[in-house]
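Side-chain atoms are counted along with the backbone in the values below, which use heavy atoms only and exclude waters and symmetry mates.
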Amino acid sequence: SRHIPRAIKHQVWVRDGGKCSGCGSRRDLQFDHVKAFALRGDSSATNIQLVCRSCNLRRGVKTFGIQAMKRA
């Protein structure tokens, strides 16, 4: 399931210090799959990271390409 359990979110938030693991920002934070869910990544704490919206979009473009991200 794409759902990330509350306990996993808490664990990741604490581990990542409440800031983006990419740039250190504390704004517009999102939980992101390190190995994309679409590529069979799971929702375990080791595969989830805290990232800001900008870093998450950048990773999406890098993984799936700009055209796929425009459709999303």
Exercise. Atom CG in D32, atom OG in S21: separation rounded to 0.5 Å?
Worked result: 7.5 Å
Exercise. Which pair of non-hydrogen atoms, one from I4 and one from S43, has the smallest distance, and what is that distance?
Worked result: CG1-OG, 4.0 Å
Exercise. CD/Q30 to CG/N56 distance, rounded to the nearest 0.5 angstrom?
Worked result: 4.5 Å
Exercise. CZ/R58 to SG/C52 distance, rounded to the nearest 0.5 angstrom?
Worked result: 6.5 Å
For this session: Indicate the atoms forming the closest heavy-atom contact of T46 with V34, along with that distance.
Result: O-CG2, 4.3 Å
Exercise. Which heavy atom in L29 sits nearest to a heavy atom in S25, and how many Å separate them?
Worked result: CD2-O, 3.5 Å
Below 3.5 Å, can you tabulate the donor-acceptor pairs from side chains in residues 7-19 to any protein atom, sequence neighbours excluded?
{"residue": "R15", "atom": "NH1", "partner": "A45", "partner atom": "O", "Å": "2.7"}
{"residue": "R15", "atom": "NH2", "partner": "I48", "partner atom": "O", "Å": "2.6"}
{"residue": "D16", "atom": "OD2", "partner": "L50", "partner atom": "N", "Å": "2.8"}

Exercise. Taking side chain as C-beta onward, heavy atoms only, is H33 less than 4.5 Å from R40?
Worked result: no
Problem set entry | Any side-chain heavy-atom pair of S54 and C23 under 4.5 Å | no
